[in-house]
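In what follows, every chain begins at residue 1, and chains take the letters A, B, ... in the order their sequences are listed. All values derive from a computational prediction rather than experimental measurement.
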Amino acid sequence: MIKKTPKGQPSTAEPILQELAQEHELPRLIMEHRTLSKLKSTYTDKLPEMIQKTGRIHTSYHQAITATGRLSSTDPNLQNIPIRSTEGRRIRQAFVAPKGYKLVAADYSQVELRIMAHLSQDPGLLDAFTKDADVHKATAAEVFDVSLEDVTTEQRRRAKAINFGLIYGMSAFGLAKQLGIGRPEAGKYIKRYFERYPGVQQYMENTRESAKEKGYVETIYGRRLYLPDIKAKNAMMRQAAERTAINAPMQGSAADIIKRAMINMHDWLAETDLDVKMIMQVHDELIFEVAEKDLDAAQKKIVDIMQNSSQIDVPLLVEAGVGGNWDEAH
DNA sequence: GAGGGGAGCGCG
DNA sequence: AAAGCGCGCTCCCCTC
């Protein structure tokens, strides 16, 4: 079965090749070539050319580009440095601390799901985060109706896909495709989820309604995203706007939270005697360069500022790692 | 030679 | 008919 692009050409998109790879050797080789040539052309070849007089690569951050309030990063984009593949990680390993220094990477744990708990006030979700439970595991136990101890790796993986899917406004169709299961089964999972977390379902419905009524959605700190297409006659346009309406308060509130932390971080950095610099932001993560002698004190303060710059109805948890390079710091 | 747009793919 | 949010960069093809 050859899938076509909108222009009628045979599609060579990744998921299609994945399927074709079951039967043929070539698609796998094409995928492998794409991965490696992407890494080479975008990172391995380019980044060394971008080293400045300082001996460093300096990105530009833009504060007024994204619809949700995130920063964006260009020339080079340091918010898409590889991490998911082992070959890719070798590029991340090239980001190193100077002698006598270490990198500290501090990231918010599941911040968007925590915001979903806050916004929806769903008792089950609030409870999971308040108890600092493994939220994907807890979701698996609810959706698959097993005890926490009996959750399998596969069930946890599926629950994780459900949790992410919800943040993006995904349908049963999308979940089925994501998990490689049938649509009816995916529909069952979603139904179970909403039975167990009714506050979340209510929140989703309220958000769609409110977006239609007001023409915008907003973050917990009140930044708005206007959605003119929410009333579109074209169902595809309208549904896309509805998914944006669901996602934007969570993604946008997460952006607000890290921005507040960065402002407080700046104030602390201006007054502290510790040898520490804030050098990068990657959406839910801040990276610092810290003198080895100040590591413990700095790490503690960094986590403290990130966790306490905003208050929502569940704890904000920050996990910090230390390493000689950016990969190790994770 | 510059710039637009699509396909594809890197990240959260 | 489409079906998962938000970005930026490279490659390729096309137009001006």
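- C:dA3 and B:dA7 have their P atoms separated by 13 Å, given to the nearest Å.
- In the set C:dG8, C:dT10, C:dG6, C:dG8 carries the atom at the smallest distance from any side-chain atom of A:Thr74.
- Within 4.0 Å (heavy atoms only), A:Lys177 reaches no atom of the nucleic acid at all.
- Looking at the side chain of A:Lys38, the nearest of the listed nucleotides B:dC9, C:dG6, B:dG12 is B:dC9.
- A:Ile167 comes within 4.0 angstrom of no nucleic acid atom, judged by non-hydrogen atoms across all strands.
- The listed nucleotides are C:dC11, C:dA2, B:dC9; the one nearest the side chain of A:Gln239 is C:dA2.
- Across all strands, A:Ser37 comes closer than 4.0 Å to no nucleic acid atom at all (heavy-atom distances).
- Annotation: cation-pi pair A:Arg183/A:Phe173 absent, no NZ/CZ under 6.0 Å from the ring centroid and within 45° of its normal.
- The base of C:dG6 has none of its N or O atoms less than 3.5 Å from a complementary donor or acceptor on the side chain of A:Arg243.
- Put simply, the side chain of A:Arg196 never gets that close to the backbone of A:Thr139: no donor and acceptor are under 3.5 Å apart.
- Backbone-only contact: A:Ile83 has heavy atoms under 4.0 Å from sugar-phosphate atoms and none from a base.
- Side chain of A:Ser171, nearest nucleotide from C:dG6, C:dA3, C:dC9: C:dA3.
- Here C:dA2 is the nucleotide among C:dC7, C:dA2, B:dG12 with the atom lying nearest to any side-chain atom of A:Met236.
- When heavy atoms are screened at a 4.0 angstrom cut-off, A:Ile65 is found touching the sugar-phosphate backbone but no base atom.
- For A:Thr244 and C:dG6, the shortest distance from a side-chain N or O to OP1 or OP2 is below 4.0 Å.
- Using the Watson-Crick or G-U wobble rule with both distances under 3.5 Å, B:dG5 pairs with C:dC12.
- Across the protein-nucleic acid pair, A:Phe164 atom CZ and C:dC5 atom P stand 15 Å apart, rounded to whole Å.
- One donor-acceptor pair, N or O on each side, does fall under 3.5 Å between the base of B:dG10 and the side chain of A:Asn80.
- Under the 4.5 Å side-chain heavy-atom criterion for grouping Ile, Leu, Val, Met, Phe, Trp and Tyr, A:Leu119 is not connected to A:Val217 through any hydrophobic cluster.
- Defined by atom type and a distance below 3.5 Å, a donor-acceptor pair is missing between the side-chain atoms of A:Tyr168 and A:Arg243.
- Both A:Met306 and A:Ile220 are members of a single hydrophobic cluster when ILVMFWY side chains are connected at heavy-atom separations under 4.5 Å.
- The side chain of A:Arg84 has B:dC11 as its nearest neighbour among B:dG10, B:dC11, C:dA3.
- In this structure, A:Asp107 reaches neither bases nor backbone, as no heavy-atom distance under 4.0 Å exists between it and the strands shown.
- Not a single donor-acceptor pair under 3.5 Å links the side chain of A:Asp122 to the backbone N or O of A:Ala117.
- Using a 4.0 Å heavy-atom distance criterion, A:Arg70 is classed as a base contact.
- Protein atom CD of A:Gln79 is 13 Å distant from nucleotide atom P of B:dC11, rounded to whole Å.
- Toward the 5' end of DNA chain C, the nearer of the two residues A:Ala161 and A:Asn77, judged by each one's closest nucleotide, is A:Ala161.
- In this structure, of C:dA3, C:dG8, C:dC5, it is C:dA3 that holds the atom nearest to the side chain of A:Arg183.
- Residue A:Ser72 places at least one side-chain N or O closer than 4.0 Å to OP1 or OP2 of C:dG8.
- One C1' atom belongs to B:dC9, the other to C:dA1, and the distance between them is 26 Å to the nearest Å.
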